[in-house]
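So the structure is just underneath, and the comments pick up after that.
Letters A, B, ... mirror the listed sequences (proteins, then strands); counts begin at 1.
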Number of protein chains: 2
Amino acid sequence: MLTKSSTELVRQQNSVLVLSALRRGGAASHTELSTRTGLASATVSAITADLERAGVLEKSEQQALGGRGRPRVLFSQRRDCGYLIAVRISSDTVQYSLVDYSGRLMDRFEEPRNHGAGGADAFPGEIKDALSRLVARSHIDKDAVLAISISSKGTVDAMNPTLLWSPLFGGRQFDFGKLLAPEWRAKVSLNNETLLVAQALALKADKVPESKFQALAALSLGHSIGLGIARKNRQGEIEATAPNFGHMLNSAQGGLCRCGSYGCIEASAGFYGILRSAFQVPPDTIPAKFVPLAEMDKIAASARQGNRMAEYAFRQAGVALGNGLSRLMSFYERMPVHITGPGTRYFDLLRRGIEEGLVQSHEVRLQGMPQISVNLEEQRLVFEGHLDRALTDADYDIVATKVSSS
Amino acid sequence: MLTKSSTELVRQQNSVLVLSALRRGGAASHTELSTRTGLASATVSAITADLERAGVLEKSEQQALGGRGRPRVLFSQRRDCGYLIAVRISSDTVQYSLVDYSGRLMDRFEEPRNHGAGGADAFPGEIKDALSRLVARSHIDKDAVLAISISSKGTVDAMNPTLLWSPLFGGRQFDFGKLLAPEWRAKVSLNNETLLVAQALALKADKVPESKFQALAALSLGHSIGLGIARKNRQGEIEATAPNFGHMLNSAQGGLCRCGSYGCIEASAGFYGILRSAFQVPPDTIPAKFVPLAEMDKIAASARQGNRMAEYAFRQAGVALGNGLSRLMSFYERMPVHITGPGTRYFDLLRRGIEEGLVQSHEVRLQGMPQISVNLEEQRLVFEGHLDRALTDADYDIVATKVSSS
DNA sequence: AGGTTTTTCTCGACAGTCGAGAAAATAAAT
DNA sequence: ATTTATTTTCTCGACTGTCGAGAAAAACCT
């Protein structure tokens, strides 16, 4: 069903447009906002006046730099308009970041995750505590937090927001919405970690002028395998998704996976899968809970020195990844792949297998090999993805609530 | 990039809304349009007046049926506002349908396709001839044709519109846009056949009140395998895509496919793949060009009588399909599957294999088996898909051009 | 013929965008 | 010190669009 439009909606959309121009390009003057957004100067006036009245924008004076004529007055987000908390759940720690409305990092700390028995039971409580401490440290009121953006590996129900399955907690589900609902007024969102990576990469790629960005995939290699896809839709927005790539069926003859199935990509290409085949452990052995990086480095070193089984282990991992990517291209379209995560350090060993696996796709055979690149800044990308998503969401909310009621 | 909005765009969007309400619900009175669209009565007045002036709508009098009060005046599309041609390219014939703006079928004929040598060379000319004859028979001017909607099996570049690879012509490409550009002013579109099936099914599913339709897949079984996906996006529109499912990699150990690769789904589940494994022909044999249905029926009959190899051939075809569908669910989400095409008559033999293949997916294991149903009306669905897509497109075009200029 | 009922049509209020030009604020020139 | 040039911001009127309410129209009923 299409939906009706109205003049008020026009104002909303254009207000969001102004806010997003400010996000992407930084503080800007009246006239620059006009050129960035394509709106008439008079319209920008009206909108900025509204937003200023609502306490969202402020005029940051100064900047007497050169030029004659009337000095420009820069608009920027009011930092105290609201706050955002980004929570990054990783295998051994949880990182909490407090960010103000302008996107500036205010505070950050990490807490170790309790792996022992009862760790999962204590987890919700730990999160609630840490969140409370985070705002207390900066003397911020809980109700001033607009959004809490959580990321984890695993599959996620973004609507609810519930963690459905994760490498950390298995099938144990957490409904973060319910968990934080009474105490926090903030909008709680939960996203797969690699989805955020893809989002951040797409944002960057789309900023480049003349880029004609269409789509990309982010592939995170580690103990588990994550995939994020970011594509531009017809309206020109970036839409990111995170399919259950690591536990997609690779080969019916494949080994046993942590998830209990046989033949998942992860069972071949996750660290424990590589370990298993390097040491010729029977493929139906129950996978190791955790493989230290040092262990992987040893296998890689011996592969680089010509050890056949170690070489083969990385090779077959690469083929599993390449086959998975080839299916990705079949389902969507050919797109560049960005590889991140701790597994990137073995990319030299994986590369040939990946290409071998990719070339089996009809798409790749018709249109050529996609571009594959390595990105070592996974952590930063995840954080940028958090910011972009949550702040953009917050902009929409603010426009919908604060401004209309004035 | 988001884009700016304006009051004129509001009118455009609402005009499209009115036209689409008319498409879906049939001729309607003033007040009914108002309730269907949610627009105020006065707004409907203004819009219908515009559209009437532009020659798009007309008041269809009559309908004195019962009731007191002022009789309602029904609005409906002016049939002569424009015409649409749907071209359905199938393996042995090409079907041409002429439809008026209201969606009523005016004329239809089929032409056999020349399979012999030089058939592909003659094909463009044949199409041009047939299109000219179609409009001549109904005494319609070529310039009155708003859209030519073409469908074929195979992969398609929808933007151009170019047939990139098809089971009928292999890698031989046809750019229908260029082919028809000088002679026809109509907008030429090209879509995968099963995409249209999915679109039509989704349209139907979405019409049911309280359906909460989210997504579905259409799987067409025959000599080749087609998949269409239709999903509702955030704006509530139905978006359909047709991945290259038949030639997606199923198993690296799979047989030789028509496309030249090894291990495509089609190489196991297409008719020639089933035939090959039923007769234990080596899997690297070059596939049969065409398998008559009678031949398939024989294999099926012997499978139903307990012949092991025949049974196994269908079983492994089903597993290949099920595995492919399981990957579909991994990449997107769990969604119901509608099976169409000539292969549906062997569904009893395929079913167990499909379910066996599906259950290997993490998604299915977590959320349960998706609903699988058989639909025998593939032809009609393709035609409905043609109509829905092309007429909706035409509505957008008309609103953007005719109305604004008045 | 007059009342009832239902639908269609019309009018004024309100919200929004746009272009043009006035007003403001500064640097350079005189 | 005053004027001029330049650049930016602000304001005004015209235009387009939606909406709600009520008037007008066109049938049926008594």
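- For A:E8, the side chain to side chain contact (heavy atoms under 4.5 Å, CB included) partners are A:S6, not counting sequence neighbours.
- By the side chain to side chain donor-acceptor pair (under 3.5 Å) test, B:K204 pairs with no residue at all, sequence neighbours left out.
- For the side chain to side chain contact (heavy atoms under 4.5 Å, CB included) test, residues two or more places apart in sequence or in another chain that qualify with B:D393 are B:K187.
- In the helix from C:dA1-D:dT30 to C:dT30-D:dA1, the rotation axis of the first five pairs and that of the last five pairs differ in direction by 30°, rounded to 10 degrees.
- The salt bridge (Lys or Arg N to Asp or Glu O under 4.0 Å) test applied to B:E183 returns B:K128, B:K142, not counting sequence neighbours.
- Ion pair B:E52/B:R78 not flagged as a salt bridge, since none of the NZ, NE, NH1 or NH2 atoms sits closer than 4.0 Å to an Asp/Glu carboxylate oxygen.
- A:R70 pairs by the salt bridge (Lys or Arg N to Asp or Glu O under 4.0 Å) definition with nothing, not counting sequence neighbours.
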Checklist entry - How would nucleotides 10-20 of chain C be written as a contact map, 5' to 3', with B for base contact, S for sugar-phosphate-only contact and - for no contact, using protein heavy atoms under 4.0 Å? => result BB---SSSBB-
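- As a whole-Å value, the separation of B:L33 CG from D:dC19 P is 14 Å.
- B:D157 meets the side chain to side chain donor-acceptor pair (under 3.5 Å) test with no other residue; sequence neighbours excluded.
- In this structure, B:E52 atom CD and C:dC9 atom C1' are separated by 13 Å, rounded to whole Å.
- Atom CG of B:L57 is separated from atom C1' of C:dT8 by 16 Å (rounded to the nearest Å).
- Applying the side chain to side chain contact (heavy atoms under 4.5 Å, CB included) test to B:D395 and every residue at least two apart in sequence or in another chain returns B:L19, B:R23, B:Y101.
- A:A200 is linked by a side chain to side chain contact (heavy atoms under 4.5 Å, CB included) to A:L381, A:E384, counting only residues two or more places apart in sequence or in another chain.
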Under-3.5 Å N/O pairs linking protein and nucleotides 24-26 of chain D:
{"residue": "D:dA25", "atom": "O4'", "partner": "B:R70", "partner atom": "NH1", "Å": "3.3"}
{"residue": "D:dA26", "atom": "N3", "partner": "B:R70", "partner atom": "N", "Å": "3.2"}

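- For the side chain to side chain donor-acceptor pair (under 3.5 Å) test, no residue two or more places apart in sequence or in another chain qualifies with B:K4.
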